[in-house]
Number of protein chains: 2
Amino acid sequence: MESVWKAVADDSRREILMLLRKRKMTPSEMTEHFHFTAPALSSHLRILKSADLVTEEKLGKNRYYSLNEKKSLEVVNFFEKMWGYNLNSLKEYLENKERKKGHE
Amino acid sequence: MESVWKAVADDSRREILMLLRKRKMTPSEMTEHFHFTAPALSSHLRILKSADLVTEEKLGKNRYYSLNEKKSLEVVNFFEKMWGYNLNSLKEYLENKERKKGHE
DNA sequence: TAAACAATTAAATAATTGTTTAATTATTAT
DNA sequence: ATAATAATTAAACAATTATTTAATTGTTTA
């Protein structure tokens, strides 16, 4: 199990995660959005999978990768714990953002 | 300006951040808690400072490092945006955790 | 079964990152 | 001024990580 921290530290991997926000996707589809080669992509996907940030689904000769949202929550949780702000301040922050959003 | 992602990817640096949660501290004080040498610590602190995760305060021959909580919120914010879960699910999650805590 | 395609693994190399010892800067106290 | 302390920077080295080309595995379709 790879560290989630190292997994998200790489720019390319964060781009991959961002791309997967929209929908599940095969590596071939992904390479159209990026500059790097198939093996490089494959290596990044293995790291993301090992960190449990994405899941893999085999369908014939294709493999679909999708975001693992459950894990993402854990990461936010760690950040929250790490910096020790109390839950209320985080909730307030989020509510504030939500209010702002409503005004746009 | 160093990437906040690379700054938190390193185990030692996350330990330093955890230590700083309690109170501001000088490098000499920190080395008592860790295995690594002063220059190694200094190098980590420079990276954390450059990522804006800690701030530095000079007082005579000492330098006090403390956590920059503002930046921490931004990081959580990014995670939240990155994984695109809606704010409600995050709030629910936090409320759940809070409830659990009350039961302990 | 042979050709084509999707994706991975392997091996080699390039690039980045982290740690160490030694030297340096800056500040305080004698 | 000089010695002592706090912390940093510099230079060298070690370790890790990322990228490439080439070879391999598994699946579909003609």
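In what follows, every chain begins at residue 1, and chains take the letters A, B, ... in the order their sequences are listed.
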Open item on the list: From CG of Leu48(B) over to C1' of dT17(C), roughly how many Å is that when rounded to an integer?
Closed with: 14 Å

Open item on the list: Does a side-chain N or O of Thr37(A) approach OP1 or OP2 of dT20(D) to a distance below 4.0 Å, or not?
Closed with: yes

Open item on the list: Quick check on DNA chain D: between Ile47(A) and Pro39(B), whose nearest nucleotide comes earlier from the 5' end?
Closed with: Pro39(B)

- [ ] Is it possible for you to say whether Ile47(B) and Tyr64(B) belong to one hydrophobic cluster, with membership spreading through side-chain heavy-atom contacts below 4.5 Å?
- [x] no

TODO: Using heavy atoms and a sub-4.0 Å distance, could you list which residues of residues 58-66 of chain B are near DNA chain C? By number, please.
DONE: Gly60(B), Lys61(B)

Task: Rounded distance (Å) that lies between atom P of dG18(C) and atom CD of Glu15(B) - done: 14 Å

Open item on the list: Less than 4.0 angstrom between a side-chain N/O of His44(B) and OP1 or OP2 of dT17(C), yes or no?
Closed with: no

Open item on the list: Show the nearest heavy-atom pair for residues Pro27(B) and Tyr65(B), with the distance to one decimal.
Closed with: CG-CE1, 3.7 Å

TODO: Check whether any side-chain heavy atom of Asn68(B) lies under 4.5 Å from a side-chain heavy atom of Asp52(B), and answer yes or no.
DONE: yes

TODO: For Phe34(A) and Ile16(A), run side chain to side chain contact (heavy atoms under 4.5 Å, CB included): C-alpha distance rounded to whole Å, both residues' side-chain angles, the deciding distance at 0.1 Å, then the answer.
DONE: CA-CA 9 Å; Phe34(A) 300 122; Ile16(A) 291 169; 3.8 Å; yes

- [ ] Starting at atom CZ of Arg13(A), determine the distance to atom P of dT16(C), rounded to an integer number of angstrom.
- [x] 15 Å

Open item on the list: I need the CG-C1' distance between Asp11(A) and dT16(C), as an integer number of Å.
Closed with: 13 Å

TODO: Would you mind telling me which residue lines up with the more 5' stretch of DNA chain D, Glu29(B) or Phe36(A), judged by nearest nucleotide?
DONE: Glu29(B)

- [ ] State the dot-bracket string of DNA chain D. Criteria: Watson-Crick or G-U wobble, both atom distances under 3.5 angstrom; notation: ( ) intrastrand, [ ] crossing earlier pairs, | interstrand, . unpaired.
- [x] ||||||||||||||||||||||||||||||

Open item on the list: Regarding Glu29(B) and Arg23(B), does a basic nitrogen lie under 4.0 Å from an acidic carboxylate oxygen?
Closed with: yes

Task: Candidates dG18(C), dT8(D), dT9(C) - which lies nearest the side chain of Asp10(B) - done: dG18(C)

Open item on the list: If I take atom CG in residue Leu41(A) and atom P in nucleotide dT9(C), what distance separates them, rounded to the nearest angstrom?
Closed with: 12 Å

Task: Spacing of Leu17(A) atom CG and His44(A) atom NE2 [to the nearest 0.5 Å] - done: 11.0 Å

TODO: Would you check if Met25(A) and Leu20(A) make a side-chain contact, meaning some heavy-atom pair closer than 4.5 Å?
DONE: yes

Open item on the list: Does either side chain, that of Glu15(B) or that of Ser12(B), offer a donor lying less than 3.5 Å from an acceptor on the other one?
Closed with: no

Open item on the list: Tell me the interatomic distance from Lys6(A), atom NZ, to dA18(D), atom C1', rounded to whole angstroms.
Closed with: 14 Å

TODO: Answer whether the closest heavy-atom distance between the side chains of Leu41(A) and Met30(A) falls below 4.5 Å.
DONE: yes

Open item on the list: Whole angstroms only, please: what is the CG-P distance between Leu45(B) and dG18(C)?
Closed with: 13 Å

- [ ] Compare the minimum distances between each of dT19(C), dT9(C), dT19(D) and the side chain of Ser42(A), then state the nucleotide with the smallest one.
- [x] dT9(C)

- [ ] Could you check how far CD of Glu56(A) sits from C1' of dT9(C), rounded to whole Å?
- [x] 14 Å

